[in-house]
Amino acid sequence: MPMHAQPRTLDDLLLYRTSRLLSVAGSMVIRLCEGRFGITRREWRLIATLAGHGALGSSQLAEHAQLDRARTSRAVSSLVDKGLVSREQPAGDRRHVRLRLTARGTKLHAELYPLVCAINTELLGALRTDEVALLDDMLQRLHARGEAMVAAAADLPKADRRRREASATR
């Protein structure tokens, strides 16, 4: 189907197709995280973000990981409890907390990251080298377009996740 044609079915929608790809290929990462390393996919995202960016404030971490602050806070608390992340308060400033990987968190990242990279490499093995470069360029452009669309649609209502989570616990 040409990219600019009207999608005929759900299977023709880009976001649905990418969601299905993430579901299929991402399940291997989830199995590694949960089965072998005892962390969730969200916790892995935060560990990988801290490994790549160094110590961050909670809001910065949420922004870099593209997670809402409440979910980030819960995942950080779990990572602190597991001894993988530490919270540090700068002297005299109780409002700001810096989050960083502990030695255990750094070790976990060093063990898990190559395994996730191997899954990524295996998946991209379906494409030629020039196609991988083209895909990377296209994904960057799609991401930029998506961010521009979000900025332009500032008047859309935000999802009320609290209501959804509250109804799920009833």
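Because the structure is predicted, anything quoted here is derived from the model rather than measured.
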Query raised in the report: Is Arg20 atom CZ crowded by more than 12 heavy atoms from other residues, nucleotides or ligands, each under 6.0 Å away?
Result: no

Query - Phe37 atom CZ: more than 12 heavy-atom contacts under 6.0 Å - result: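 Enclosed: over 12 neighbouring heavy atoms sit under 6.0 Å from CZ of Phe37.
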
Does [X] reach the side chain of [Y], with side-chain heavy atoms less than 4.5 Å apart?
X      : Y     : value
Leu56  : Glu63 : no
Val116 : Trp44 : yes
Arg98  : Gln60 : yes
Leu46  : Val85 : no

Taking atom [atom1] of [X] and atom [atom2] of [Y], what is their separation to the nearest 0.5 Å?
X      : Y      : atom1 : atom2 : result
Arg41  : Leu22  : CZ    : CG    : 6.0 Å
Arg141 : Asp136 : CZ    : CG    : 10.5 Å
Leu84  : Leu79  : CG    : CG    : 5.5 Å
Arg71  : Arg45  : CZ    : CZ    : 10.0 Å
Met149 : Glu147 : CE    : CD    : 12.0 Å
Met138 : Gln140 : CE    : CD    : 11.5 Å

Report task. Evaluate side chain to side chain contact (heavy atoms under 4.5 Å, CB included) for Ile39 paired with Leu112, printing each intermediate quantity in order. Result -> CA-CA 11 Å; Ile39 61 172; Leu112 180 52; 4.0 Å; yes

Minimum heavy-atom separation for [X] and [Y], please, with both atom names.
X      : Y      : value
Arg87  : Ser77  : NH2-OG, 2.9 Å
Arg104 : Lys82  : NH1-O, 2.8 Å
Val132 : Leu124 : CG2-O, 4.1 Å
Ser58  : Thr72  : O-CG2, 4.2 Å
His109 : Pro114 : O-CD, 4.1 Å
Thr102 : Gly83  : OG1-O, 2.6 Å

Query raised in the report: Transitively linked via ILVMFWY side-chain contacts under 4.5 Å: Ile119 with Ile47?
Result: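 Same hydrophobic cluster.
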
Query raised in the report: According to a 4.5 Å side-chain heavy-atom criterion applied to Ile, Leu, Val, Met, Phe, Trp and Tyr, with indirect links allowed, do Leu127 and Leu123 form part of one hydrophobic cluster?
Result: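 Hydrophobic grouping puts Leu127 apart from Leu123.
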
Requested in this report: Say whether, by atom type as modelled, one donor and one acceptor occur between the side chain of Ser19 and the main chain of Leu15 under 3.5 angstrom.
Outcome: no

**Report entry** Carboxylate-amine/guanidinium contact Arg36 Glu111, below 4.0 Å
**Finding:** no

